[in-house]
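Each ligand, and each atom within it, is numbered from 1 in the order the structure gives. Numbering starts at 1 and runs along the sequence shown.
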Amino acid sequence: MSDPILSVEDLRVSYGRVQAVRGVSFEAEQGSLVTLVGANGAGKSSVINAVSGMLRPAGGRITFRGQDITRTPAHALVKRGLVQVPEGRQILATLTIEDNLQMGAWHTGGTAQKSITAMYDRFPVLAERRALPAGALSGGEQQMLAIARALVAEPAVMLMDEPSMGLAPKIVDEVFRVIEEIRASGTTVVLVEQNARRALRAADHGYVLQTGEVVHSGPAADLLADERIVEAYLGVD
Ligand code: ATP
């Protein structure tokens, strides 16, 4: 097995006295799609926020391309190719779609017109409305914008926190299609989802979290095929 592009060992995250993440370990092979699933409050967002440098872990070790990034801040990680699409999209509603995309390229110190043009080719709905405030987009379109903004940074690893949250089933299909395309283009994807079955169907490898710990992990297809896991952790479709 080749060295993973991302490796997380014994990660711990605390909020004051609340231990939200209690020794989580996982890894992602280059070009793979890995998903962290689990109920509300299991610690998924805390894990991904610690990996992306948005949160300072209380313990553990995170390596990206073989280098320790445990305490590297988010802005430095973006430059190195590790980018997060945040939960709730966090687009800037009053700025135009174009300006939101430009923000994805701030770390280059200039515009990234080439990669922005590539995003317009990929997401024509954004191209048509590039001069409109991002707040004018529907929820699904805003999710596409959040994904496109992250892709402008040309990441090697893309972390996604609940991209399907609050979206209608048809739009969820579209979001998953885009995620699978991103993976197919060679970008490693770490996907956090409450929509566990859906995420596992798209993923190569899955980790099931419960109260801050990994309780099951393995090839995504194996997790889906295990009725006990499906019943205990994955709920209804
Ligand atoms: P969700 O799907 O609701 O985002 P999650 O699996 O991503 O859930 P986290 O958001 O990481 O879980 O939360 C894990 C635990 O940490 C929960 O008990 C939560 O209440 C707690 N927690 C999260 N953020 C904070 C915070 N800023 N301050 C205090 N406790 C927090």
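Under the 4.5 Å side-chain criterion, counting only non-hydrogen atoms from C-beta, V189 is not in contact with V34. The shortest distance between side-chain heavy atoms of V21 and V24 falls below 4.5 Å.
Residues with a heavy atom under 4.0 Å from ligand 1: Y15, A20, A39, N40, G41, A42, G43, K44, S45, S46, E87, E162, Q194.
To the nearest 0.5 angstrom, M54 atom CE is 10.5 Å from S45 atom OG.
Partners of Q142 under the side chain to side chain contact (heavy atoms under 4.5 Å, CB included) rule, at least two apart in sequence or in another chain, are R89, I91, L137.
For R80 and Q67, the side-chain atoms include at least one donor-acceptor pair closer than 3.5 Å.
A salt bridge links R129 with E141: the distance from a Lys NZ or Arg NE/NH1/NH2 to an Asp or Glu carboxylate oxygen falls below 4.0 Å.
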